[in-house]
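See structure below.
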Amino acid sequence: AAVVVRAEAGQGINPDIRKTEQKVVDSVVVTELSKPLTAYCRCWRSGTFPLCDGSHAKHNKATGDNVGPLLLKKQ
Ligand code: FES
């Protein structure tokens, strides 16, 4: 059965990343990819945001959520 996780009213999805910014936006110039694989965080729990550090696994286990990173792969 699917588990639906929702942020509490007034809490939002981002607990503590770059909270002084009105909107957190990151961009990647694809032609500059140098590594074969880079993982970008979509769970807002990474200690290395915007990069994924694996923190989504702890979040998923604690909440029943199913979030994971965006993977950029070099061709
Ligand atoms: Fe956020 Fe992996 S740490 S998606």
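Side-chain atoms are counted along with the backbone in the values below, which use heavy atoms only and exclude waters and symmetry mates. Numbering starts at 1 and runs along the sequence shown. Note that the structure is predicted; figures quoted are calculated from it, not measured. Note that ligands are numbered from 1 as they come in the structure, with each ligand's atoms numbered from 1 the same way.
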Check for a donor-acceptor pair, side chain of Arg42 on one end and backbone N or O of Gly68 on the other, with a separation under 3.5 Å.
yes

Within 2.8 Å of atom 1 (Fe) of ligand 1, is there any N, O or S atom belonging to Cys43?
yes

For residues Leu72 and Leu51: do they belong to one hydrophobic cluster (side chain heavy atoms under 4.5 Å, members Ile, Leu, Val, Met, Phe, Trp, Tyr)?
yes

Do Ile13 and Val24 belong to the same hydrophobic cluster, where Ile, Leu, Val, Met, Phe, Trp and Tyr are linked whenever their side-chain heavy atoms lie under 4.5 Å apart, directly or via other members?
yes

N, O or S atom of Cys41 closer to atom 2 (Fe) of ligand 1 than 2.8 Å:
no

Minimum-distance pair of heavy atoms, taken over all atoms of Arg18 and Val25:
NH2-O, 3.6 Å

Tell me which one of Pro50, Cys52, Ser46 satisfies side chain to side chain contact (heavy atoms under 4.5 Å, CB included) with Thr48.
Ser46

List every atom of ligand 1 that sits less than 4.0 Å from any heavy atom of [X], numbering the atoms from 1 in the order shown and giving each element.
X     : result
Pro69 : 4 (S)
Ser55 : 3 (S)
Ser46 : 3 (S)

For ligand 1, note which part of Asp53 has a heavy atom under 4.0 Å away: side chain, backbone, both or neither.
both

Record the part of Arg42 in heavy-atom contact with ligand 1 below 4.0 Å; permitted values are side chain, backbone, both and neither.
backbone

Of the N, O or S atoms in His56, the one nearest atom 2 (Fe) of ligand 1
ND1

Considering only NZ, NE, NH1 and NH2 on the basic side and carboxylate oxygens on the acidic side, decide whether Asp53 and Lys58 come within less than 4.0 Å.
no

